[in-house]
Student: 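Right, I'll just put the structure down here and ask away after.
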Amino acid sequence: MNTLVINKKDLLENIEKIKELVAKSGKDDNGNSLKIIAVVKANGYGLGIVEFTKILIEQGIKSFAVATKEEAYLLREAGIKEEILLLTPNNNKEDIKNLVEQDIILTLSSKEDAQNIETVGKELNKKIKVHLKIDTGFGRYGFIYSKREEMIETLKQLEYIEIKGTYSHFSVSFFDEKYTKIQFERFINVIEVLKMNEIETGLLHISNSSAFVKFPYMNLNAVRIGSAFLRKTLF
Ligand SMILES: *Cc1c(COP(=O)(O)O)cnc(C)c1O
């Protein structure tokens, strides 16, 4: 399982290059630097999720994202205390409770998710940290970008949920510039509508590795970088 597809020297070089690119992108209107969320799913892209994450932490990366709850637990079991965002929603209340107890940030992608998370939050009597997921055309999870009323109705009533971020995912950023731009515009549009309705949006992020390299203007507040740490030809 732990097939090393890249040697450590190349990996460290890539991490440096990504950090340089991030530093070059400057600060946002509030004086915050662009945040790197390192995606370590799929067993850390084959490197071994714990090993890969530990190398990234040594290089100063502070925020991580995973695709499954098992991956999140593996990191916590290995003693990793950094911020972890789970990129998939979960509709099982027991799971939600366990994830919250492990301080994992959840993805809120639907009205049903909101109801489940609210129920658990009420039980624990605490505000549960989430990132909202907007579906701008990828079609897996998320509030559909065009169904604004449903989105707003759901998000206006939250009592036990704290929105720490809002994100979407590009389906084809590696080769379809036109569709990527359409998705970006849909996302920005949704953010405007949420703000108009006084819904907290938190940290905004949409770019994966390819978009980060090709479309820096789409960086917003954070970028989710996975494969760029491992590619030889990206830069
Ligand atoms: C895998 C994944 C990423 C990272 O994608 P790369 O192309 O490897 O950088 C970012 N966001 C989500 C939601 C993902 O599933």
Side-chain angles (χ1 to χ4, degrees), residues 1-25 27-28 32-88 99 102-107 129-133 138 141 164-170 173-174 202-216 218-235:
M1 222 161 76
N2 295 354
T3 34
L4 205 63
V5 295
I6 182 173
N7 68 43
K8 190 165 174 186
K9 183 171 155 285
D10 290 339
L11 176 60
L12 292 177
E13 262 178 42
N14 280 353
I15 297 171
E16 255 337 285
K17 281 181 203 155
I18 289 163
K19 280 163 61 183
E20 275 167 29
L21 265 186
V22 162
K24 258 196 227 156
S25 77
K27 304 206 184 244
D28 68 14
N32 297 313
S33 312
L34 181 64
K35 181 168 176 172
I36 300 176
I37 300 173
V39 181
V40 294
K41 66 186 177 191
N43 194 30
Y45 288 74
L47 290 183
I49 185 166
V50 171
E51 294 89 328
F52 186 30
T53 303
K54 285 187 171 167
I55 291 172
L56 291 163
I57 291 171
E58 279 167 20
Q59 302 308 312
I61 307 286
K62 294 183 167 59
S63 182
F64 296 87
V66 295
T68 66
K69 62 179 192 296
E70 289 79 11
E71 292 171 339
Y73 294 145
L74 270 176
L75 294 181
R76 288 290 184 247
E77 278 161 24
I80 289 162
K81 302 209 161 49
E82 272 68 12
E83 185 174 89
I84 301 174
L85 168 64
L86 176 56
L87 294 167
T88 47
L99 288 161
Q102 299 274 336
D103 199 21
I104 309 298
I105 303 171
L106 304 179
T107 282
K129 289 184 257 177
V130 303
H131 282 209
L132 297 180
K133 172 78 187 282
F138 189 52
Y141 327 101
K164 302 291 273 182
T166 303
Y167 73 105
S168 187
H169 191 43
F170 290 129
S173 64
F174 200 50
L203 197 76
L204 305 178
H205 48 110
I206 188 164
S207 290
N208 56 4
S209 294
S210 302
F212 168 61
V213 173
K214 287 176 73 177
F215 312 116
M218 296 182 185
N219 285 347
L220 302 173
N221 306 135
V223 286
R224 297 188 309 272
I225 306 292
S227 59
F229 288 119
L230 314 168
R231 283 189 212 155
K232 289 210 156 180
T233 53
L234 194 68
F235 300 98

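Computed from a predicted structure; not experimentally measured. Throughout, residue positions are numbered sequentially from 1 according to the sequence presented.
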Student: Could you pull out all residues at least two apart from A42 that satisfy side chain to side chain contact (heavy atoms under 4.5 Å, CB included)?
Tutor: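 Once residues adjacent in sequence are excluded, A42 has no partner under the side chain to side chain contact (heavy atoms under 4.5 Å, CB included) criterion.
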Student: According to side-chain hydrogen bond (donor to acceptor under 3.5 Å, both in side chains), who are the partners of H131, at least two apart in sequence or on a separate chain?
Tutor: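 Scan of H131 (side-chain hydrogen bond (donor to acceptor under 3.5 Å, both in side chains), adjacent residues dropped) gives H205.
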Student: Does any non-hydrogen side-chain atom of S207 lie less than 4.5 Å from one of F170?
Tutor: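 Yes - at least one pair of side-chain heavy atoms lies under 4.5 Å apart.
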Student: So does E20 pair up with K24, basic N to acidic O under 4.0 Å?
Tutor: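 Answer for the salt bridge query: no.
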Student: Just verifying a value: how many Å separate E83 CD and I37 CD1, rounded to the nearest 0.5 Å?
Tutor: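 Separation between the atoms: 7.0 Å.
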Student: Determine the minimum heavy-atom distance between S210 and R231, stating which atoms define it.
Tutor: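 Scanning both residues, the minimum pair turns out to be OG-NH2, 3.4 Å.
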Student: Run I49 and L75 through side chain to side chain contact (heavy atoms under 4.5 Å, CB included) and show every step you take.
Tutor: CA-CA 8 Å; I49 185 166; L75 294 181; 3.8 Å; yes
Student: Determine the minimum heavy-atom distance between I225 and I36, stating which atoms define it.
Tutor: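 In terms of heavy atoms, the two residues are closest at CG1-CG2, 4.3 Å.
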Student: Pick one: which of K81, R76, K129 meets side chain to side chain donor-acceptor pair (under 3.5 Å) with D103?
Tutor: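 Passing option: K129.
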Student: Using the side chain to side chain contact (heavy atoms under 4.5 Å, CB included) criterion, which residues pair with S33? Sequence neighbours excluded.
Tutor: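 Side chain to side chain contact (heavy atoms under 4.5 Å, CB included) list for S33, sorted by chain: K27.
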Student: Sequence neighbours left out, what passes side-chain hydrogen bond (donor to acceptor under 3.5 Å, both in side chains) with K164? Give chain and number order.
Tutor: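 Once residues adjacent in sequence are excluded, K164 has no partner under the side-chain hydrogen bond (donor to acceptor under 3.5 Å, both in side chains) criterion.
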Student: Is there a side-chain contact between F212 and V22, using heavy atoms and a 4.5 Å cut-off?
Tutor: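 Yes; the side chains approach each other to less than 4.5 Å.
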Student: How far apart are the closest heavy atoms of N219 and S25, and which atoms are they?
Tutor: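 Between these two residues, the closest heavy atoms are ND2-CB, 4.0 Å.
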Student: Any side-chain heavy atom of I84 sitting closer than 4.5 Å to one from V66?
Tutor: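 They are in contact (side-chain heavy atoms under 4.5 Å apart), so the answer is yes.
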Student: Measuring from atom OG1 of T107 to atom CD1 of I104, what distance do you get when rounded to the nearest 0.5 angstrom?
Tutor: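 Spacing of OG1 (T107) from CD1 (I104) equals 11.5 Å.
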Student: Could you check if a side-chain atom of K41 sits within less than 4.5 angstrom of a side-chain atom of T68, using non-hydrogen atoms only?
Tutor: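 Contact flag for K41/T68 side chains = no.
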Student: Would you indicate whether the side-chain heavy atoms of I206 and H169 approach each other to under 4.5 Å?
Tutor: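 No. Closest side-chain heavy atoms not under 4.5 Å.
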Student: Got a sec: does the NZ of K19 have more than 12 other heavy atoms crowding it under 6.0 Å?
Tutor: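 Yes.
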Student: Taking N32 for its side chain and N221 for its backbone only, find out whether a donor-acceptor pair lies under 3.5 Å.
Tutor: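 No, the answer is negative, given that no donor and acceptor are paired below the 3.5 Å cut-off.
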Student: Apply side-chain hydrogen bond (donor to acceptor under 3.5 Å, both in side chains) to S168 and list each qualifying residue two or more places apart in sequence or on a separate chain.
Tutor: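 Checked S168 against side-chain hydrogen bond (donor to acceptor under 3.5 Å, both in side chains); matches are T136.
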Student: Should K9 and L12 count as side-chain neighbours, where that means a heavy-atom distance under 4.5 Å?
Tutor: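 Side-chain contact under 4.5 Å: no.
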Student: Show the nearest heavy-atom pair for residues V50 and L74, with the distance to one decimal.
Tutor: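 Scanning both residues completely, I find the closest heavy atoms to be CG2-O, 4.1 Å.
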Student: My understanding is that only residues two or more places apart in sequence, or in another chain, count here; which of them pass side chain to side chain contact (heavy atoms under 4.5 Å, CB included) with L56?
Tutor: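 Once residues adjacent in sequence are excluded, the partners of L56 under the side chain to side chain contact (heavy atoms under 4.5 Å, CB included) criterion are I15, A38, V40, F52, I61, F64, F229.
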